[in-house]
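See below for the structure under consideration.
As the structure is a prediction and not an experimental result, all values here were calculated from the model.
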Amino acid sequence: MEFGFKDLERAEAFYSDFGLVLEERTDSTLLMRAACEQRYCFIGRKSDSNGLQAVGMKAVSMKVLEEAAQFPEASGIEAMDAPGGGWRVRLASPSGLSFDLTFGIEAQVPLPTRAPLKINHGQVKSRFGEWQRAKDGAAEVLRLGHVALATTDFERDFAWLQSRLGMRPSDILFDGKPENRIGAFLHCTGASRWVDHHSIALFASSETRMHHCSFELQDIDAEFLGNKWMQSRGWTGLWGIGRHVLGSQIYDYWFDPEGNLVEHFTDGDLVQPGTEAGMHQVCDDSLSQWGPPVPKTFLEPWKHEA
Ligand SMILES: [Fe+2]
């Protein structure tokens, strides 16, 4: 995720409490990583215009980048000017959302993380003579999971994500008739046998911009402890903790200092690439199985006033 920020110092303070780890900081750029081997998953650029600048997606080969560079809406192949090197092709979707297709960024050693908790379920016990003892502090973010995007041109962007990035819908939301599609959750098809239910969610909106991006935590205790930490640090929450319907993630949402909405999630669904999309009539219960009521500003969080 690449964002512009007016105040990089405040952004670093927020995302450190959120659970990202500083990779590199210059006067103009803030690079942060998660615990996984990926070199970085968050770029902040000092800028007078804040908000989303681009979404990075890793391609499976250099050949994919060479093909992508041929699209009329694409830049050429550019060397990346960041630790770990690599190459990118920047593409704009029909509504103007920017994507960086990347390849060849060097990986690094993962950070140590707490192992998943052993849970004594009602009928299945796995912890004997050991205690659950939580450690306070910032969450350990394991990786960037997905981004949700708002678009003024849902149909064209939806088609574009499939034709240009090879993504496929896991679930589609419609209003009234099935042809009246208003949202889609798309999975990646490039590499693995089982993939996240969605790496991109796309929603019809009156504006084209990011809705939120979401980072994975180890388990539900990590979710609650991360929530407790963010509250103790005085950051502004929007919603959670609850469990979504499509994707099933346990979630909570926070505003960063410049109004970008970011999510912690855990226990999301996996699908097989190419799996047939589910069709769902949108309704009041589309977003959450349990948790606090949906905030009025959730669909347009950029209108939220803290
Ligand atoms: Fe999400």
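- Between Phe224 and Asp252, the closest side-chain pair of non-hydrogen atoms is not below 4.5 Å.
- Under the 3.5 Å distance criterion, the side-chain polar atoms of Ser192 are left unmatched by any main-chain donor or acceptor of Val195.
- Without hydrogens or angle criteria, Arg88 side chain to Asp100 main chain gives no donor-acceptor distance under 3.5 Å.
- A donor-acceptor pair is defined here as one N or O able to donate and one able to accept, closer than 3.5 Å; no such pair exists between the side chain of Asp171 and the backbone of Phe185.
- Taking the centre and axis of the six-membered ring of Phe71, the NZ or CZ atom of Arg164 falls inside the cone set by 45° and 6.0 Å.
- With Ser214 contributing its side chain and Gly145 its backbone, the two residues share no donor-acceptor pair below 3.5 Å.
- Looking at His264, its side chain does come within 3.5 Å of a backbone N or O of Phe18 through a donor-acceptor pair.
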Inset, instruction - Mind running salt bridge (Lys or Arg N to Asp or Glu O under 4.0 Å) on Asp196 and Arg143 for me, showing each step along the way? - result: CA-CA 12 Å; Asp196 286 356; Arg143 68 184 175 103; 2.9 Å; yes
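- Just one residue in the list Val89, Thr102, Val60 forms a side chain to side chain contact (heavy atoms under 4.5 Å, CB included) with Leu65, and that residue is Val89.
- With contacts defined as side-chain heavy-atom distances shorter than 4.5 Å, the pair His146/His197 does not qualify.
- Smallest separation of non-hydrogen atoms from Met32 and Leu20: CE-O, 3.7 Å.
- Classified by interplanar angle (parallel below 30°, tilted 30° to 60°, perpendicular above 60°), the ring pair Phe5/Phe42 is tilted.
- A salt bridge links Glu2 with Arg45; the closest basic N to acidic carboxylate O contact falls under 4.0 Å.
- Glu223 approaches Ile241 most closely through the heavy-atom pair O-CD1, 3.9 Å.
- The backbone N or O of Glu140 lies less than 3.5 Å from no partner atom in the side chain of Gln218, so there is not a single donor-acceptor pair.
- Although no hydrogens or angles enter the test, the distance criterion places no donor-acceptor pair under 3.5 Å between the side chain of Glu216 and the main chain of Thr266.
- Residues Phe265 and Gln249 approach most closely at CD1-CG, 3.5 Å, considering heavy atoms.
- Remark: the backbone N or O of Lys6 is not paired with any side-chain donor or acceptor of Asn50 at under 3.5 angstrom.
- Counting heavy atoms from C-beta outward, Leu30 and Leu22 have side chains that approach closer than 4.5 Å.
- At a cut-off of 3.5 Å, with distance as the only test, no side-chain donor of His198 or Ser170 sits close to an acceptor on the other residue.
- Side-chain atoms of Thr208 and Thr152 form a donor-acceptor pair, as typed in the model, at a separation below 3.5 Å.
- At least one side-chain heavy atom of Asp157 sits under 4.5 Å from a side-chain heavy atom of Pro94.
- Annotation for Ala139 and Gly226: closest pair CB-CA, 4.1 Å, computed over non-hydrogen atoms.
- Across all their heavy atoms, Arg243 and Ser248 have their closest contact at NH1-O, 2.6 Å.
- The pair Arg39-Glu23 meets the salt-bridge criterion, since a charged nitrogen lies less than 4.0 angstrom from a carboxylate oxygen.
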Inset, instruction - Might you work through the salt bridge (Lys or Arg N to Asp or Glu O under 4.0 Å) test for Lys228 and Asp136, ending with a clear yes or no? - result: CA-CA 8 Å; Lys228 181 182 169 188; Asp136 278 336; 3.0 Å; yes
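- In the hydrophobic clustering (ILVMFWY side chains linked at under 4.5 Å, chained through shared members), Leu261 is joined by Leu238, Trp239, Tyr251, Tyr253, Phe255, Leu287, Val294, Phe298, Leu299.
- Taking each heavy atom of Pro110 and Arg33 in turn, the nearest pair found is CA-NH2, 3.7 Å.
- Looking at Asp256, its side chain never comes within 3.5 Å of a backbone N or O of Tyr15 through a donor-acceptor pair.
- No side-chain donor-acceptor contact under 3.5 Å links Arg10 to the backbone of Ala13.
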